[in-house]
Structures are given as C-alpha cells and as structure tokens.
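To start, the structure itself, in structure tokens.
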Number of protein chains: 2
Amino acid sequence: MPALRLNFEQRIGMTKAPTRIQKRNRAAILSAGLDVFSQFGFRGTTLDQIADAAGLSKPNLLYYFPSKEAIHTALLERLLETWLDPLKSLDADGDPVKEIMAYAQRKLAMSRDYPRESRLFANEILQGAPRIEEILRTDLKTLVDEKAAVIKTWAEAGKIADIDPHHLIFSIWAFTQHYADFDVQVRAVLGDKAPYDGASVFLDMLYAKLLRP
Amino acid sequence: MPALRLNFEQRIGMTKAPTRIQKRNRAAILSAGLDVFSQFGFRGTTLDQIADAAGLSKPNLLYYFPSKEAIHTALLERLLETWLDPLKSLDADGDPVKEIMAYAQRKLAMSRDYPRESRLFANEILQGAPRIEEILRTDLKTLVDEKAAVIKTWAEAGKIADIDPHHLIFSIWAFTQHYADFDVQVRAVLGDKAPYDGASVFLDMLYAKLLRP
DNA sequence: TCTGGGTTTGACCAACTGGTCAAAACAACG
DNA sequence: CGTTGTTTTGACCAGTTGGTCAAACCCAGA
C-alpha cells in the first residue's frame, strides 16, 4: 500500500504550519498570478504564464494550488479583505468635510500603492464580476448604504453641500481607479511628467463641491 | 487550373461594392466581437464565442475576417475614429466654462450610449494597450496637449479656476469611463435606482471647481 | 434554366490549454 | 548516515484553440 500523497491545499485542512519553502512559493505564485490575472483577466491568463512568472514548473505550481481557479479566488479574497477598509473607517462622528476628504485620500493612496490589485478588480468587474457579484450585492452594498446614510445626514444638517451620497462615493472610486487602471494611457499622454501629481485636481474638485452651499 | 478562391478581406483591395450579405455578416461579426472582446479581452475571447454570438460557423466567420486579430483591430480602429470626437470639438473660441461642461456632457453621453466600446477600450488599456500604445503616444497625446493648451490660456486669463488641464481632462475620462466599465458594480450597489442619474454629481463637482477663484 | 461567382460548411490540423501521475530529487531530523 | 516526508519534475492526456481546405451550397443575372 503506497503512502498517501498530499498536495498543499489538501494539507491545509490539517493544522500544520507551512514550511519556509511553502511560504516562499505560495507568495511567489500569488504575486505572479496577480501580475498576469490583472493584465489578462481570468480567461486570458494561462498557468504557464503564471508558472513562468513565479519561476516554477507548471506541475509544481499545481502542487501549491489545486487549480487556476484556486489561485484567482485566493487573490480576490485577499483583495476584498483590504479593498473596503478605507470606506469602513469613514467615521460618522468625525468632521464631515475632513472625513470625506480623508477617505478620498486613503482610497487614492491604495490605488497608487496597489495598482495590480486595482487592475485585478477592474478586470473582474469588466467581465461581469462572475465571482464576486454576490459580495457586491451584499457586503459591499450594505457598507456603502451605511456610509451613504451617514453622508446624507451630514448633507441634511447643512454640514456639506447637498450631494447624492452614493454617487459621491462612485466619483471617488472612479477617480482613484482611473490612475491605476489607465496608467498606460495616462503615461502615454503625460510623456514624462509624474502621473500622480494630478490627484490634487480631483481632491480640489471634491473639496470645492463639498463646501458649496 | 481551379478558379481563384478569394475571401472577403482579400477582395477588399479590389474595388468591388460589398453585397447585401457581406454587409449584414460583417456587421454581425463586429457586433458579436464587440460583445465578447469587451467582456473577456483579446486573449480571453475565442473565435467560437464570436461565431456563436454572430450566428455563423467559425469557418464562415474566417471567410469575412482573416483572423481573430483582424476582427479586434477592425473594432479598435472603428472605436478610435469616434472616441476622440468629443474632445476634438472643444472650441477655443467658445465660452470656457460652457465648452468644458459641454465636453464632459458629450463624453458622458458617449459612455452611456456606447458602453461596449468603452469596455473594449478599457480592456485594451488594462492589458497594456499593446495594439494602440503608439496611437496614444502620438495622436491622442497631440490632441490632448493641444486642448490642454487652450484650457491653460483660459485659466491664465482668469476665465476659469487654475487647474492642471491634463488632469482636468483625466478626471472627465475617469468619471465617464466608470459608469460604463463598472456598470455591474454600480448596479449591484444601487439596487434598482437608475445608474446614470448620478452623472450630475460629477458635473456639479466640475462646475463648482471651474468657478472657484 | 444554366452558369459563375459568392457563401457556407464538415472534416481536419498543429499548437496550446488545464490538469494528472509516478517517479525522482531534496530537505530535515534523529 | 539513513529514513521519512516534502518538493520538483518529465511525460503524458483529453479538450480547446486559431486556422485551413476542398467540397458543397446558394443565388443572381443572362
């Protein structure tokens, strides 16, 4: 009777601490997967591409993750964990204008510092969000509705201009995504200038509107 | 000696008017290609998908276009022809605020009316714009630089607030793309409300900033 | 009705795809 | 050192992919 062969994922259920090699390789695969998935989307990405980028052979890659889908899912889960943090920390008890501006800045920083994650998300949405639509309709909607309600009370109390809160949030998303997702276009048009200097234009617009009677 | 067999593309060089069937099928293929490419990107799209969506067999599809690449290229060319029109018609001799607002509205209308084109463009950019980077660096950059110069003179003359013109344009792009490209997310969050009502939030922000001293 | 080109298709192909497997190589620990 | 479990790999597979081709089909005009 041959010894039971287990791959990494199967072993995960058992409470064994991951070895040094496991940590290194899983991290390499996720990073490589992020590179490739964020550029080509799920269907446009091949395991060979990921394996190459990670410096592993394809069978070796499949030793750490049972399938292409599993890598993609792991990435999306990791992304969603942190992606909504900036909005979560919008504080109903803080100063309205400051809170909204700070949120916009946090979101902007996130897109600047994690452009691959931004593109992974963009790709998923562009493809109709087949793997995260449920989350959008539940977790995300709940969070946004909650924060929108806060902003609405601010507007009704006259502390900020009267703005549809949902679309205010969308406008922040739109802007922050753009500099990450359309990076190539921004750079092509700007030539050599630093792309992120322009963020202030949006922040200015936002600020101007918030203060408007 | 057998009669020379020619497919559609080869025949194009010869000045023959396309038949009714040719017009119909080419249009069907382009529309189907737009559907699929705009969702899955170039690599994520298969000829079978396009053929299915167009109601043709795969070999028949390849009778009208010599390759997958050719369909994609045709779509991108058709897109670029019209995509920059709104900016082109920004008039240096018009009223500054009105011109900029009208441009934003034209662009917004375009994204609303041609969401598939918007997504096709987004997909291409996300993938690093391999097929249109040249155009971005030349035609697009030239156009944007030219219009940015116009806006700059307006700002210097004190007719609008002092804003970096390039990033002003980017902010318009960001916003208009968002409602088309992230449609799924917008709808998921809004539930049943009409997504495009929110465009006015951005127009308000833009307006508020333009008038700011 | 016949004929010539335009159109469509089934059968096919080589390359690539996600994924499997057994065996080999390696690392760790006594 | 040997043993045991972990990691890596080459060979392989079935299904899919972009694309070809000759033959069949259609359809207008003479």
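Since we're looking at a predicted model, the values are computed, not measured. Per chain, numbering begins at 1; letters A, B, ... match sequence-line order.
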Looking at [options], which one has an atom nearest to any side-chain atom of [X]?
X: Pro59(A); options: dG19(C), dT9(D), dG19(D); answer: dT9(D)
X: Tyr63(B); options: dG19(C), dT7(C), dG18(D); answer: dT7(C)
X: Lys58(B); options: dT7(D), dT8(C), dG19(D); answer: dG19(D)
X: Lys68(B); options: dG19(D), dG18(C), dT9(C); answer: dG19(D)

Could you state the atom-to-atom distance from [atom1] of [X] to [atom2] of [N] in whole Å?
X: Leu61(A); N: dT17(C); atom1: CG; atom2: P; value: 14 Å
X: Arg24(B); N: dG6(C); atom1: CZ; atom2: C1'; value: 12 Å
X: Leu47(B); N: dA15(C); atom1: CG; atom2: P; value: 18 Å
X: Leu62(A); N: dA22(C); atom1: CG; atom2: P; value: 16 Å
X: Gln22(A); N: dA28(C); atom1: CD; atom2: P; value: 12 Å
X: Asp48(A); N: dT17(C); atom1: CG; atom2: P; value: 6 Å
X: Asp52(A); N: dC16(C); atom1: CG; atom2: C1'; value: 14 Å
X: Phe40(A); N: dT17(C); atom1: CZ; atom2: P; value: 12 Å

- Message: I want to confirm an ordering. Mapping Phe42(B) and Asn60(A) to their closest nucleotides on DNA chain D, which one lands closer to the 5' end?
- Response: Asn60(A)
Any side-chain N or O of [X] less than 4.0 Å from the OP1 or OP2 oxygen of [N]?
X: Asn25(A); N: dT8(D); answer: yes
X: Ser57(A); N: dT9(D); answer: yes
X: Thr19(A); N: dT6(D); answer: no

- Query: Do Ser31(A) and Arg116(A) meet the criterion of a side-chain donor-acceptor pair at a distance under 3.5 Å?
  - Reply: yes
- Task: Would you check, one step at a time, whether the test side-chain contact (heavy atoms from CB on, under 4.5 Å) holds for Phe121(B) with Ile132(B)?
- Result: CA-CA 10 Å; Phe121(B) 188 75; Ile132(B) 59 170; 3.9 Å; yes
- Message: By the definition side chain to side chain contact (heavy atoms under 4.5 Å, CB included), identify the one residue from Ile50(A), Thr73(A), Leu30(A) that meets it with Phe65(A).
- Response: Leu30(A)
- Determine the interplanar angle of the Phe170(B) and His167(B) rings, folded into 0 to 90°, and report it as parallel if under 30°, tilted if 30 to 60°, perpendicular if over 60°. perpendicular
- Message: Classify the ring geometry of Phe42(A) against Phe37(A): parallel below 30°, tilted from 30° to 60°, perpendicular beyond 60°.
- Response: parallel
- Contact class for Arg20(A) vs. all strands (heavy atom < 4.0 Å): base, sugar-phosphate, or nothing? sugar-phosphate
